[in-house]
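First up is the structure itself, then whatever we jot down about it.
Throughout, protein chains are lettered first and strands after them, A, B, ... in sequence-line order, and every chain is numbered starting at 1. Atom set for the values below is all heavy atoms of this structure, side chains included, hydrogens, waters and symmetry mates excluded.
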Amino acid sequence: MPLILRLALPSPLRRLFDYLPPKGVVEEQLRPGVRLRVPFGRREVVGVLIEVARETEVPPDKLRKALQLLDERPPLPSALFELCQWSAQYYQHSLGDTLSWALPALLRQGEPAERRLQRFWIAQPDARPEDPRLARAPRQREALKTLRQHPHGVLHELLGQLGLVKDSLDLLQAKGLVTVETRYHQPTRHQGSWLAQAELPLNSEQRLAYEAVRAGSGFHCHLLEGVTGSGKTEVYLQLIRATLEAGRQALLLIPEINLGPQTLGRFEQRFNARIALLHSALTDRERMDIWLAARDGELDIVVGTRSALFTPLKHPGLIIVDEEHDASYKQQEGLRYHARDLAVVRARFENLPVVLGSATPSLESLHNADQGRYAHLRLSLRAGGAQPPRFERLDVRSRPLDSGLSQPLLKAMGATLERGQQVLVFLNRRGFAPTLLCHDCGWLAQCPRCDARMTYHRGSGELRCHHCDQRQTPPRHCPSCGKLDLRPVGAGTERAEERLQLLFPDVPVLRIDRDTTARKDALGKLLRTIHSGVPCILVGTQMLAKGHHFPKVTLVAVLDADSGLFSADFRASERMAQQIVQVAGRAGRAEEPGQVLIQTHLADHPLMVQLAEEGYPAFARQALQERRAAGLPPFAYLALLRADAHRQDQVENFLEAAYHVAEGLAVNLALPQVELLGPVPAPMERRAGRHRAQLLLQSSSRAPLHRLLGIWVVQLESLPEARQVRWSLDVDPIDLF
DNA sequence: AGCACGCCGACT
DNA sequence: GTCGGCGTGCTC
């Protein structure tokens with residue numbers, strides 16, 4: 001019997017494919033984890049060997065021969081390979097596709113798993129621009145000066161960017177003033193201490209947290225709940241220093257915002273270490289070089305967003321997930337993994353400590369801490385004894401609103417500006433107005449492709465759908481009754497900006513949202529104005545809630561907090577509270593506590609009261625109780641089957657069929673814990689011209705749910721109704737849309 | 001998911 | 001006459 005190679009292939013199909021070995025390849029070379037190029041249908045793909053078997057169910061006429069063995073040894077270390085297998089299983093995703101998400105693009109295209117040697121131009125240490133041989137060679141002199149500013153050398157490909165000309169360098173090389181080195185492109189480190197800069201002293205709470213993480217050995221998980229300004233980052237830095245001293249590598253995950261450069265800067269100042277930042281602008285080659293360097297132990301610290309979780313580490317010592325509550329850790333397509341949850345799984349597999357940090361922890365993590373699964377560490381003291389911001393509910397029931405702004409709020413803003421301080425207005429809604437309304441007949445500007453209103457953008461003079469990016473010029477007459485009285489209703493950031501500029505003509509009003517920061521460095525320019533300290537008003541969306549610090553802002557106004565309290569999504573209130581607290585955290589400085597005014601029509605709502613009067617921890621307690629009472633996560637486990645299609649009946653048929661299969665499984669497998677809710681139309685039934693619906697599975701415990709899911713998805717794949725729809729299964733969905 | 005095959009509308 | 005629309009069938 002010949003050898004049978006069982007491969008995971010980059011395909012959504014949740015099964016392995018069997019092949020015969022390529023010509024001339026012997027059994028010893030076929031180690032699980034190596035890549036092979038194989039014919040697949042009418043194309044060639046790269047697969048990963050899962051196992052070598054002696055027999056196969058596949059009829060011999062279908063069995064094909066693999067084309068080429070691509071690796072001598074498996075490129076993916078076994079710990080990570082196991083993490084991928086676990087993830088594929090947990091998220092009910094195809095293993096081959098899961099591996100594709102984890103491997104650098106070049107590896108899944110079949111490139112050799114080798115780093116690229118590159119040429120670097122380096123000035124000799126004793127080369128001086130004053131060298132007499134350069135007295136009559138001004139261009140060489142300039143080139144040498146430029147090169148001397150780069151002690152690690154300049155990549156050959158980047159010479160042009162620095163205005164360096166190869167001819168000058170060749171001449172300098174001939175004089176022995178410049179050399180070319182061929183080596184890997186990677187950060188370097190000098191001999192000696194890991195610290196390039198002294199550490200800040202830790203306060204008592206920080207020290208406790210630091211020591212708690214250091215005290216354990218092997219896997220343990222810590223929830224570090226630290227209010228803004230309490231110095232979480234310093235704790236991270238010192239934990240990383242201790243990790244480096246132990247000869248190990250650290251992995252830091254950050255949310256998907258532009259905080260990478262800022263974080264990297266801080267790390268580079270602090271450490272004499274080899275640090276890499278994984279960000280979206282990297283080329284495939286750069287990404288693979290970092291991946292390989294980390295795997296081979298040639299990087300000390302890896303910083304990156306969600307997908308960086310899959311970076312292999314030769315000597316892993318610590319994983320930190322910063323802002324662990326942030327929704328960007330959940331991937332919303334393909335393999336729908338949650339990087340925070342997988343970080344904990346990975347730490348368990350690799351026997352490491354993991355730290356989840358946030359000022360506003362997710363209810364999931366708080367619950368895990370309550371259950372004793374995570375150690376709960378708290379940082380409540382602000383640096384320099386700064387006072388926490390004061391929260392005030394501003395009841396706007398029966399108060400007239402002027403472009404979404406109430407009189408008391410405007411008064412408070414005026415007073416703040418008069419004192420020479422800055423005001424931040426938080427409004428999580430872009431555009432001028434959420435919709436256009438005909439005052440005569442009630443017609444609303446509706447997106448033709450979605451069940452949603454179109455937002456009116458005055459700046460660009462168009463109606464835009466924020467769900468499918470449909471754009472059109474607003475009608476002059478009402479399309480329904482022909483009258484001319486079309487009015488923008490409600491207020492977005494654009495309208496708030498315009499109105500505030502009218503009301504406060506003497507101060508700049510800076511709008512910060514996706515529309516005003518689309519151009520490169522537009523955000524940087526706005527931030528520089530803010531940091532110059534002039535009194536001004538910032539109007540912005542959640543972009544303002546993340547990362548930045550505005551010491552001159554002493555008043556934060558939250559305009560539309562209510563939407564979080566009556567949304568259909570059970571997580572809306574948690575998100576709203578996190579956003580409010582995060583925005584509030586941007587404000588204030590040591591001497592001057594910030595003031596936070598929350599405009600609301602629901603001033604008596606228990607969650608609102610808790611948040612404003614007692615802060616986030618009390619809010620979270622209250623919200624957790626409500627979740628428990630309602631049997632919602634984290635007290636229950638969810639899986640959501642989503643489907644969409646051109647025709648509504650196709651979606652219905654598929655979900656009905658899926659329902660019956662699941663119902664049958666629940667009975668046959670005796671899994672009464674698993675409840676089926678639906679199928680129901682999605683909260684937005686039509687989006688981008690497609691009909692959407694979903695089926696929710698809810699269970700009081702995880703094991704029965706997963707038992708059912710594993711069998712269910714395989715059956716869904718072969719359902720004839722499935723061919724007419726696009727469907728996906730979301731395990732632990734974070735939003736039900 | 002790709003990719004090809006296959007059968008019906010407006011055009012270089 | 002053909003280019004190309006997306007239905008449907010398959011991938012060891």
Side-chain angles (χ1 to χ4, degrees), chain A residues 1-23 25 27 30 32-70 84-85 87-88 91-110 284 307 331-337 449 641-654 657-658 686 688-692 713-731:
Chain A
M1 190 69 198
L3 294 177
I4 301 294
L5 311 185
R6 206 146 279 162
L7 301 188
L9 301 184
S11 146
L13 301 169
R14 290 167 179 83
R15 60 190 121 116
L16 302 179
F17 293 86
D18 293 353
Y19 285 87
L20 296 168
K23 261 207 305 283
V25 170
E27 188 166 5
L30 294 167
V34 296
R35 295 171 300 150
L36 293 117
R37 195 184 297 282
V38 296
F40 187 56
R42 268 150 273 237
R43 63 210 161 106
E44 285 178 16
V45 298
V46 173
V48 175
L49 181 63
I50 303 302
E51 59 173 344
V52 178
R54 293 277 160 189
E55 51 197 349
T56 173
E57 319 251 281
V58 179
D61 57 316
K62 284 202 160 179
L63 206 55
R64 298 168 79 178
K65 190 184 283 186
L67 300 166
Q68 188 191 3
L69 177 66
L70 294 167
C84 288
Q85 290 199 300
S87 306
Y91 291 107
Q92 304 297 341
H93 199 75
S94 121
L95 177 58
D97 204 48
T98 303
L99 288 164
S100 301
W101 285 100
L103 289 172
L106 292 181
L107 285 187
R108 54 180 197 260
Q109 286 158 23
D284 287 346
S307 61
Q331 173 138 321
Q332 297 288 27
E333 54 173 349
L335 174 68
R336 294 171 173 261
Y337 67 99
R449 308 169 68 215
L641 180 67
R642 290 177 235 258
D644 67 63
H646 290 116
R647 293 205 326 265
Q648 195 179 352
D649 61 302
Q650 296 172 320
V651 186
E652 275 169 20
N653 292 342
F654 169 69
R686 220 161 52 88
R690 296 178 69 92
H691 291 271
R692 309 154 73 229
V713 268
V714 175
Q715 300 194 9
L716 290 183
E717 246 171 30
S718 51
L719 230 43
E721 291 88 343
R723 283 206 302 265
Q724 275 128 25
V725 303
R726 265 194 336 218
W727 64 273
S728 67
L729 183 70
D730 193 348
V731 176

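Minimum heavy-atom separation, A:Arg35 to A:Leu106: NH1-O, 4.4 Å. Considering every non-hydrogen atom in both A:Lys65 and A:Pro21, the closest pair reads CG-O, 3.2 Å. Nearest heavy-atom pair across A:Pro10 and A:Val45 is CG-CB, 4.1 Å.
Using a 4.0 Å heavy-atom cutoff across all strands shown, A:Phe40 reaches at least one base atom of the nucleic acid. Across all strands shown, A:Pro39 has heavy atoms under 4.0 Å from sugar-phosphate atoms exclusively, and none from any base. When heavy atoms are screened at a 4.0 angstrom cut-off, A:Arg6 is found touching no nucleic acid atom at all. In this structure, A:Leu13 reaches the bases: a heavy-atom distance under 4.0 Å links it to at least one base atom across the strands shown.
Atoms CD (A:Gln650) and P (C:dC6) sit 14 Å apart, rounded to a whole Å. The interatomic distance linking A:Asp61 (CG) with C:dC10 (P) rounds to 14 Å, in whole Å. The distance between atom CG of A:Leu49 and atom P of C:dC12, rounded to the nearest whole Å, is 16 Å. Between A:Leu9 atom CG and C:dT11 atom C1' there is a gap of 9 Å when expressed in whole angstrom units. Taking atom CZ on A:Arg14 and atom P on C:dT11, their separation rounds to 18 Å, with Å as the unit. C:dC12 atom P lies 21 Å from atom CD of A:Glu55, rounded to whole Å. Separating the CD atom of A:Glu717 from the C1' atom of C:dC10 is a distance of 13 Å, rounded to the nearest angstrom. Rounding to whole angstrom units, CZ of residue A:Arg726 and P of C:dG7 are separated by 13 Å.
Look at A:Arg692 and A:Asp644 and you find no salt bridge, because none of the NZ, NE, NH1 or NH2 atoms lies under 4.0 Å from a carboxylate O. Salt-bridge annotation for A:Glu333 and A:Arg726: absent, with no side-chain N of the basic residue lying under 4.0 Å from a carboxylate O of the acidic one.
Heavy-atom nearest nucleotides on DNA chain C were determined for A:Arg64 and for A:Arg42, and the one closer to the 5' end corresponds to A:Arg42.
Look at A:Arg723 and you'll find a side-chain N or O under 4.0 angstrom from OP1 or OP2 of C:dG9.
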